[in-house]
Amino acid sequence: QKEVEQDPGPLSVPEGAIVSLNCTYSNSAFQYFMWYRQYSRKGPELLMYTYSSGNKEDGRFTAQVDKSSKYISLFIRDSQPSDSATYLCAMSMYSSASKIIFGSGTRLSIRP
Amino acid sequence: SQTIHQWPATLVQPVGSPLSLECTVEGTSNPNLYWYRQAAGRGLQLLFYSVGIGQISSEVPQNLSASRPQDRQFILSSKKLLLSDSGFYLCAWRDTGGGEYGYTFGSGTWLTVV
């Protein structure tokens, strides 16, 4: 079993829809949770960073962590064609010393 | 501000040829540095990471090697490339100061071994 599981998609939704992207994990020691966005042929860029359980909102993006279920989500409201990218979840045990474990990424396409 | 530079952007190399990819970081000291490979349509595979000059940890045994000759310089090398070495190579750094930051990635190198 992989430490982090993520549905590869592809996921295609119409412009303006709410998008829900999810990951599950098996290591209960993970405390730091991240979402990266990767455009085609580019390096991933950090989108959201949360610590422990709860929600964090940044504009149209909301990251949600449920440690009891070992489940994290990223919600995108009012999705735009520019949101079309691959989204990777990632997590680590500590803030700086430990390695980050990545999901395999979900490819998202927003139809105009 | 911190920046990460990675070059070249694309590379086509014949099987059996050597490889050298370079990554440098500016605006930070003593960063953790990482080399990842991403095969087409697949996730990120950690190849090497370094917590200091001359300190290299290998995650996947293969014909690649890494070196960190200076604090903010990380080099990925191979003496003889294989077809299976094709992929998207990404360098990344992470702040060791305890801030709430994940990795910052470079722009990547697309390597095609022919």
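First the proteins, then the strands, lettered A, B, ... as listed; each starts at 1.
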S.K.: Against chain B, label A/Arg107 side chain, backbone, both or neither, depending on which of its atoms sit under 4.5 Å from a heavy atom there.
M.R.: neither

S.K.: Select one option (side chain, backbone, both, neither) describing which atoms of B/Thr10 are under 4.5 Å from chain A's heavy atoms.
M.R.: side chain

S.K.: Hey, do the aromatic rings of B/Phe74 and B/Phe48 have their centres closer than 6.0 Å?
M.R.: no

S.K.: Let's test your reading of the structure: which of B/Thr104, B/Leu46, B/Leu90 forms the most heavy-atom pairs below 4.5 Å with chain A?
M.R.: B/Leu90

S.K.: Hydrophobic clustering (ILVMFWY, side-chain heavy atoms < 4.5 Å, transitive) - are B/Tyr89 and B/Ile56 grouped together?
M.R.: yes

S.K.: Within this structure, what is the CD1-CE distance for the pair A/Ile72 and A/Met91, rounded to the nearest 0.5 Å?
M.R.: 4.0 Å

S.K.: Taking atom types as modelled and ignoring hydrogens, do the side chains of A/Tyr25 and A/Glu3 form a donor-acceptor contact shorter than 3.5 angstrom?
M.R.: no

S.K.: So which part of A/Glu45 gets closer than 4.5 Å to some heavy atom of chain B, the side chain, the backbone, both or neither?
M.R.: neither

